[in-house]
Amino acid sequence: MAGLVVAVDGPSGSGKSSASRGVARELGLRYLDTGAQYRAMTWWMLEHGVEVGDQEAVAARAAEPVLESGTDPQGPTIHVDGADVATAIRGDAVTGSVSLVAAVPEVRRRLVALQREIIGEGGIVVEGRDIGSVVAPDATLKVYLTASAEARANRRTAELTGTTVEAQQAAMARRDTLDSTRKTDPLSMAAGAVELDTTALNLEEVIATVVRLVKERA
Ligand code: DC
């Protein structure tokens, strides 16, 4: 399992995070949430008063924040300039702006380089939108998770308070459109990826399926 890289991509609410962490735990691998890094970058821009709708303004400061990702699947961590931002990056302000920041090529260049550094010799499950297509095209296994729009909105609503399924479905559709139509590294299914529709599966079934696929390849 040592040199193994498992790439897990898909839209929000497809169950990527829970499944990726579960697979990493079961196989004794590290776990990297690249979405958390794009969120942390966004949090820093908002904290520093950068106009996130202005691509040039974001690009000009993309090299500044110091990001640190802890890769233990039992308790992944994310720090920016030494501050623990695990909770702050899940708030509405960051969620509403992250697709804009993630569309900036300078941001992606920097984070892709950081992600490749963390992947290093492997032994890791990496989740995101462009892992199989851009970050780790030679991954041992590439999985593309999908689920119906309704199932995705239901899952996300269950994780949050003070929101409705309808509001979540609308917000997710907006983010998916931005993430899949941006010019640089859009969300797409990588060549050679295995598509797994999780609509009718529970978490344990998704984890078991991915673990079986990894063992077949390893
Ligand atoms: O997985 P998430 O919802 O935490 O991701 C947050 C945002 O970051 C999402 O809108 C798309 C972007 N993202 C990306 O562009 N590339 C990645 N590898 C991971 C996330």
Side-chain angles (χ1 to χ4, degrees), residues 1-43 65-80 82 84-86 89-90 98 102 107-147 179 184-196 198 201 203-218:
M1 293 285 159
L4 209 94
V5 177
V6 181
V8 183
D9 292 301
S12 41
S14 57
K16 284 192 310 288
S17 296
S18 311
S20 302
R21 279 181 72 171
V23 169
R25 267 200 303 264
E26 195 146 316
L27 295 174
L29 301 171
R30 294 179 295 139
Y31 160 72
L32 177 63
D33 175 1
T34 64
Q37 297 179 321
Y38 285 95
R39 288 171 177 271
M41 179 69 90
T42 304
W43 175 86
V66 177
L67 303 186
E68 282 166 285
S69 295
T71 58
D72 179 353
Q74 308 282 5
T77 57
I78 179 86
H79 289 81
V80 190
D84 178 351
V85 294
I89 61 168
R90 304 291 163 195
V98 62
V107 167
R108 303 203 69 83
R109 241 193 316 276
R110 168 134 197 257
L111 292 186
V112 169
L114 177 63
Q115 288 153 14
R116 288 182 177 150
E117 203 175 293
I118 294 170
I119 292 169
E121 298 296 304
I124 193 164
V125 180
V126 188
E127 65 146 300
R129 302 291 191 288
D130 60 343
I131 309 307
S133 55
V134 175
V135 178
D138 297 328
T140 322
L141 173 69
K142 302 177 196 180
V143 184
Y144 190 81
L145 294 187
T146 59
D179 293 338
T184 313
D185 309 342
L187 166 68
S188 67
M189 195 166 108
V194 178
E195 184 171 0
L196 182 59
T198 68
L201 302 178
L203 178 60
E204 285 67 35
E205 292 168 325
V206 178
I207 294 171
T209 306
V210 178
V211 165
R212 181 172 51 75
L213 289 167
V214 173
K215 287 183 173 162
E216 280 171 15
R217 303 282 169 105

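Values in this document were obtained by computation on a predicted structure and should not be read as measured data.
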Partner of Leu196 under side-chain contact (heavy atoms from CB on, under 4.5 Å), picked from Leu201, Thr146, Val8, is Leu201

Heavy-atom pair with the smallest gap, counting every atom of [X] and [Y]:
X: Ala147; Y: Thr198; value: CB-OG1, 3.5 Å
X: Ile207; Y: Glu26; value: CG2-OE1, 3.9 Å
X: Thr34; Y: Gly128; value: OG1-CA, 3.3 Å
X: Pro11; Y: Lys16; value: O-NZ, 3.3 Å
X: Pro137; Y: Ser133; value: CB-O, 4.2 Å
X: Ala19; Y: Leu203; value: N-CD1, 3.7 Å

Before giving the answer on side chain to side chain contact (heavy atoms under 4.5 Å, CB included), spell out for Arg39 and Ile78 the whole-Å C-alpha distance, their side-chain angles and the decisive distance to 0.1 Å. CA-CA 10 Å; Arg39 288 171 177 271; Ile78 179 86; over 6 Å; no

Rounded to the nearest 0.5 Å, how far apart are [atom1] of [X] and [atom2] of [Y]?
X: Arg110; Y: Gln115; atom1: CZ; atom2: CD; answer: 11.0 Å
X: Leu187; Y: Arg129; atom1: CG; atom2: CZ; answer: 6.5 Å
X: Ser20; Y: Leu145; atom1: OG; atom2: CG; answer: 7.0 Å
X: Leu67; Y: Ile118; atom1: CG; atom2: CD1; answer: 8.5 Å
X: Glu68; Y: Asp84; atom1: CD; atom2: CG; answer: 11.0 Å
X: Ile119; Y: Glu121; atom1: CD1; atom2: CD; answer: 11.5 Å

Worked verdict on Ile131 versus Leu32 for side chain to side chain contact (heavy atoms under 4.5 Å, CB included): CA-CA 11 Å; Ile131 309 307; Leu32 177 63; over 6 Å; no

### Query
Going through the checks in order, is the side chain to side chain contact (heavy atoms under 4.5 Å, CB included) test met by Val23 and Val143?
CA-CA 12 Å; Val23 169; Val143 184; over 6 Å; no

Between [X] and [Y], is there a donor-acceptor pair closer than 3.5 Å when you use the side chain of the first and the backbone of the second?
X: Arg116; Y: Val135; answer: yes
X: Arg21; Y: Pro76; answer: no
X: Asp9; Y: Tyr144; answer: no

Let me see the working for Thr140 and Val6 under side chain to side chain contact (heavy atoms under 4.5 Å, CB included), right down to the final yes or no. CA-CA 6 Å; Thr140 322; Val6 181; 5.6 Å; no

Scan side-chain atoms only and decide if Tyr38 and Arg108 contain a donor-acceptor pair under the 3.5 Å cut-off. yes

